[in-house]
Amino acid sequence: MAMLSRAASSAARRPALLPPRLLAARAMASSLFGHVEPAPKDPILGVTEAFLADPSPDKVNVGVGAYRDDNGQPVVLSCVREAERRIAGNLNMEYLPMGGSIKMIEESLKLAYGEDSGFIKDKRIAAVQALSGTGACRLFADFQKRFLPDSQIYIPTPTWSNHHNIWRDAHVPQKTFTYYHPESRGLDFSGLMNDIKNAPDGSFFLLHACAHNPTGVDPTEEQWREISHQFKVKKHFPFFDMAYQGFASGDPERDAKAIRIFLEDGHQIGCAQSYAKNMGLYGQRAGCLSILCEDEMQAVAVKSQLQQIARPMYSNPPVHGALVVSIILNDPELKSLWLKEVKVNCDAYKSTMFLNDG
């Protein structure tokens, strides 16, 4: 009996013999992806991965720039908690249209273009809900490649590192333009203006609407007016990434000043908006992409194409974050509370680096 037990144990340890066909299939599968090497760590998210893996009780996360309390814990805004209370058990979770929540888009456009914007009233803006700021930038990059295949994008030096990834993966050629002056730790305005003047007419430029990432350095209002004028002379197209509206000054209206200046000067613009920072909805991926068009008919056409790009990418945007945003911005009391909380967070956040994972 003991011999039988040892034999059975030995047999159990031996690998089972597979049929030749399965052995061949396993070998093919192994060789098919055998050339794939580990991807390099993301410069921002990789820090968070290292933080989570470190067992030290004294560790500090200096990766993604998310707002934290004095104990290093995530903060959920009171206005967000109240919006979630109203959602719970009262609203369904059906698919949104490809273009996303109409209410959230309407309120997002008011934040970017102005409460009483004539562009909104004239229905000249093509806008869709996006997967936060990253998704909005990617949708626009794909739109740019599809309908202006010979164009390129000028990106500031430095910028949020993912900007380069987004336009690279959309196969849009990139160039850079001067922005930051390391010695003075300020804006290299003369270098910026020279690069704008020397770029081919009709070039696309990526601009940070406020709280430039990663430097936190923004042009003054007068400088923005000069930039807008030179864009007009050169017929450049400005695409604004507005990941921090409200976090630069504590006032969302003030932080949209650059966009309003370009609108006053008659530019067609594009804009990526994110609610990751100013509402703390990091994981909800709530954002908006908008493009100002020549008229309503053009806006309808552009929106339809943005939706077609989104369809094979993610089909429909998520509903929960859109509900939170639309409830807060549609309710005067909740919106007032949000504005107060944005100001408090801004004052506390100004001492930190503007590391964004939009």
Rounded distance [0.5 Å steps], [atom1] in [X] versus [atom2] in [Y]:
X: Arg285; Y: His320; atom1: CZ; atom2: NE2; value: 14.5 Å
X: Gln273; Y: Ile105; atom1: CD; atom2: CD1; value: 10.5 Å
X: Leu207; Y: Ile269; atom1: CG; atom2: CD1; value: 10.0 Å
X: Leu281; Y: Leu77; atom1: CG; atom2: CG; value: 7.5 Å

Tell me, do [X] and [Y] make a side-chain contact under 4.5 Å, heavy atoms counted?
X: Ser249; Y: Cys210; answer: no
X: Trp224; Y: Lys257; answer: no
X: Leu148; Y: Phe237; answer: no
X: Ile120; Y: Glu115; answer: no
X: Val80; Y: Tyr275; answer: no
X: Tyr179; Y: Asp195; answer: no
X: Asp142; Y: Met313; answer: yes
X: Leu334; Y: Glu82; answer: yes

field: Working for salt bridge (Lys or Arg N to Asp or Glu O under 4.0 Å), residues Arg225 and Glu221
entry: CA-CA 6 Å; Arg225 293 191 183 280; Glu221 180 176 333; 3.1 Å; yes
[X]-[Y] side chain donor-acceptor pair, cut-off 3.5 Å:
X: Tyr95; Y: Ser315; value: no
X: Asp265; Y: Ser228; value: yes
X: Gln144; Y: Ser151; value: yes

Contacts of type salt bridge (Lys or Arg N to Asp or Glu O under 4.0 Å), residue Glu222, not counting sequence neighbours: none
State plainly whether one hydrophobic cluster holds both [X] and [Y], where clusters connect Ile, Leu, Val, Met, Phe, Trp and Tyr through side-chain heavy atoms under 4.5 angstrom apart.
X: Ile291; Y: Trp167; result: yes
X: Ile155; Y: Met193; result: no
X: Tyr180; Y: Tyr244; result: no
X: Ile102; Y: Val128; result: no
X: Trp338; Y: Leu109; result: no

- prompt: Only one of His164, His163, Arg168, Gln152 clears side chain to side chain donor-acceptor pair (under 3.5 Å) with Gln174; which?
  reply: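 By the side chain to side chain donor-acceptor pair (under 3.5 Å) criterion, Gln174 pairs with just one of His164, His163, Arg168, Gln152: His164.
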- prompt: Taking His208 as the fixed residue, which of Asn213, Thr159, Asp218 is the one that meets the side chain to side chain donor-acceptor pair (under 3.5 Å) rule?
  reply: Thr159
From CA spacing to verdict: side chain to side chain contact (heavy atoms under 4.5 Å, CB included), Val319, Glu94: CA-CA 8 Å; Val319 66; Glu94 290 287 321; over 6 Å; no
- prompt: For Tyr154, which of Phe204, Phe205, Phe239, Phe177 qualifies under ring pair (Phe, Tyr, Trp, His ring centres under 6.0 Å)?
  reply: Phe205
Basic-acidic side-chain contact under 4.0 Å: Glu107, Lys103: no
Carboxylate-amine/guanidinium proximity below 4.0 Å for Glu333 and Arg86: no
task: Begin with the C-alpha distance, continue with both residues' side-chain angles, and end with the deciding distance and a verdict on side chain to side chain contact (heavy atoms under 4.5 Å, CB included) for Ile87 and Met93.
output: CA-CA 10 Å; Ile87 292 169; Met93 296 296 162; 3.9 Å; yes
Could you tell me which non-hydrogen atom of [X] sits nearest to which non-hydrogen atom of [Y], and how far apart they are?
X: Met98; Y: Gln307; answer: SD-O, 3.7 Å
X: Pro252; Y: Leu111; answer: CB-CD2, 4.5 Å
X: Tyr314; Y: Ala130; answer: OH-CA, 4.3 Å
X: Ala112; Y: Arg260; answer: O-NE, 2.9 Å
X: Pro219; Y: Ile227; answer: CG-CD1, 4.1 Å
X: Ile328; Y: Ala83; answer: CG1-CB, 4.0 Å

Check against side chain to side chain contact (heavy atoms under 4.5 Å, CB included), Val342 and Asp255: CA-CA 12 Å; Val342 166; Asp255 288 352; over 6 Å; no
task: Please work out whether the ring planes of Phe262 and Phe240 are parallel, tilted or perpendicular, with thresholds of 30° and 60°.
output: perpendicular
message: Using salt bridge (Lys or Arg N to Asp or Glu O under 4.0 Å), reason through Arg81 and Glu341 one step at a time and then give a plain yes or no.
response: CA-CA 13 Å; Arg81 286 298 189 215; Glu341 292 187 286; over 6 Å; no
- request: Answer yes or no: does atom NZ of Lys123 have more than 12 heavy-atom neighbours from other residues, nucleotides or ligands under 6.0 Å?
  value: no
Enclosure of Lys110 NZ (heavy-atom neighbours >12, cutoff 6.0 Å): yes
